[in-house]
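Data first, discussion second: the structure below is written as structure tokens.
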Amino acid sequence: MTDNWNKAAETQELTEIQRLSEDINEIGINNEHKPPPAELDDNPADASLLMKIIRKGLIDTKNDLDIQRKDPNSPLYSVKSFEALHLKPELLKGVYAMGYNTPSKIQETALPTLIADPPQNMIAQSQSGTGKTAAFTLAMLTRVDTTKDYPQVLCLSPTYELAIQTGEVAARMAKFCPDISIRYAVRGEEISRGDKLKDHVIIGTPGKVLDWSLKFRAFDLSKIIVFVLDEADVMIAQQGHQDQCIRLQKHLSKKCQMMLFSATYEKKVMDFAEFIVPSPITIRLKKEEEVLDNIKQYYVKCRGQDDKYRAIANIYGVITIGQAIIFCHTRKTAGWLAGKMSNEVGSESVGVLSGDLTVEQRLAVLDRFREGHQKCLITTNVLSRGIDIDQVNIVVNFDLPIDQQGNADCETYLHRIGRTGRFGKHGIAINLIDSEQCMRICRDIEKHFGKKIMLLDAENSDEIEKIGT
DNA sequence: AAAAAAT
């Protein structure tokens, strides 16, 4: 079986996908992070000085920004450098050590407001891969008072993997602030009854945080001064997450600063966000098209499940560079697909990740994929958001994302294909279509974003072979 | 349908 496979892969002609992935190889990877030697002075960032410095760095806001605030006459500050934020020197050092040179659009716009006093609530939208995580982690860390040993900052993520990833960003950023203690509140982390947490920063998933705060009373929600919702639209709108987040939010102090971040907010979700967050500043970088400009979108016509499998197999065969993530609608399909592929290419070459696994397994699978040992990872919506893996340049929708009513789920689609094309790199999205119903959903997605999803089909192109047949 | 809390 494996021999056949390799032969097929070897004799494969130069297909569209192959050419595209070579294309990506040429333009794609650009890791020129040269942290400038930091000229640090150690003035504390007191409020008046901070405002003066921010004022100096004031730039006009371009029309790709849409900012709403209570008092439209109050100026909104923006910074062109991390120095201008006047962070604690240790924190600035951490930022440079991570390889960040200059703030991204969302960072330069959101950060001055997020770290200014008095604290202000914010709802921010910015496309995937533009540095949202770094923006809010930095804001979180600036608020920590290490002379107090109780949790002051709470960040919630929708999945285990995302919480871990965010925690790792925070830890790297706080590398030179050894006093700051960060704690994960996720599956697999346990505390005993009566424990009182002394960590300054809690990063976790809603269930565990609820458990620790309200049930075990391991920390006091009313003492939290910064409350962050990552992937805020799912957190406040998706059943299951919604009740937990709102319940937690109700226990916060009125003075607690709230930060909501996501790449997508459906209209009514944004309305709801503005309803539950007191007088928020809303920032939207409305350039969805830019993400899509970097990603070529295709669809492949298939006759059914097995046909879709053949398409995946063929795609796998032509991946020469980079990695692919394959999204399925259910854990069962993901498991089935992974099993079938493992039989053909060996179980060490393909990964599968879903909520079926234990947290230890999930961590191991993602680590293995991150290290590049596998060309492809089969998963569910659990990985549709936020996960940042450099080498991913192909996203395949084995099943298109749909909502509870069975309609196109455009938000999830954008998040899924946003796993590639991160930070301006190029990527390919391939949708497998096996029914009229699917085709209709695909057309809806195309219409929603106003971007062509092109047919990848042997009948239409003599260069494409064996895709979906 | 998946995810997130143990049970």
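Below, each value reflects all heavy atoms present in this structure, side chains not excepted, and no hydrogens, waters or symmetry copies. Just so we're on the same page: letters track the sequence lines, and every chain starts at 1.
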Exercise. Is there side-chain contact between L156(A) and D230(A), with at least one heavy-atom pair below 4.5 Å?
Worked result: no

Problem set entry | Working for side-chain hydrogen bond (donor to acceptor under 3.5 Å, both in side chains), residues R368(A) and H373(A) | CA-CA 6 Å; R368(A) 240 179 297 146; H373(A) 297 318; over 6 Å; no

Problem set entry | Opening and closing nucleotides of DNA chain B in contact with chain A, under 4.0 Å to non-hydrogen atoms | dA1(B) to dA6(B)

Exercise. Base, sugar-phosphate, or nothing for E161(A), non-hydrogen atoms under 4.0 angstrom?
Worked result: nothing

Exercise. Just checking R385(A): base, sugar-phosphate only, or nothing, at a heavy-atom cut-off of under 4.0 Å?
Worked result: nothing

Exercise. Using 30° and 60° as the class limits, which term best fits the ring planes of F136(A) and F261(A): parallel, tilted or perpendicular?
Worked result: tilted

Problem set entry | Flag side-chain contact, heavy atom, 4.5 Å: E348(A) against Q374(A) | no

Exercise. At under 4.0 Å between heavy atoms, what does G240(A) touch on the DNA or RNA strands: base, sugar-phosphate, or nothing?
Worked result: base

Problem set entry | Touch class at under 4.0 angstrom, heavy-atom based, for S354(A) against every strand present | sugar-phosphate

For this session: Report yes or no: does Q242(A) contribute a side-chain atom to a donor-acceptor pair with the main-chain N or O of Q239(A) at less than 3.5 Å?
Result: no

Exercise. With a cut-off of 6.0 Å (strictly less than), are more than 12 heavy atoms of other residues, nucleotides or ligands near NZ of K340(A)?
Worked result: yes

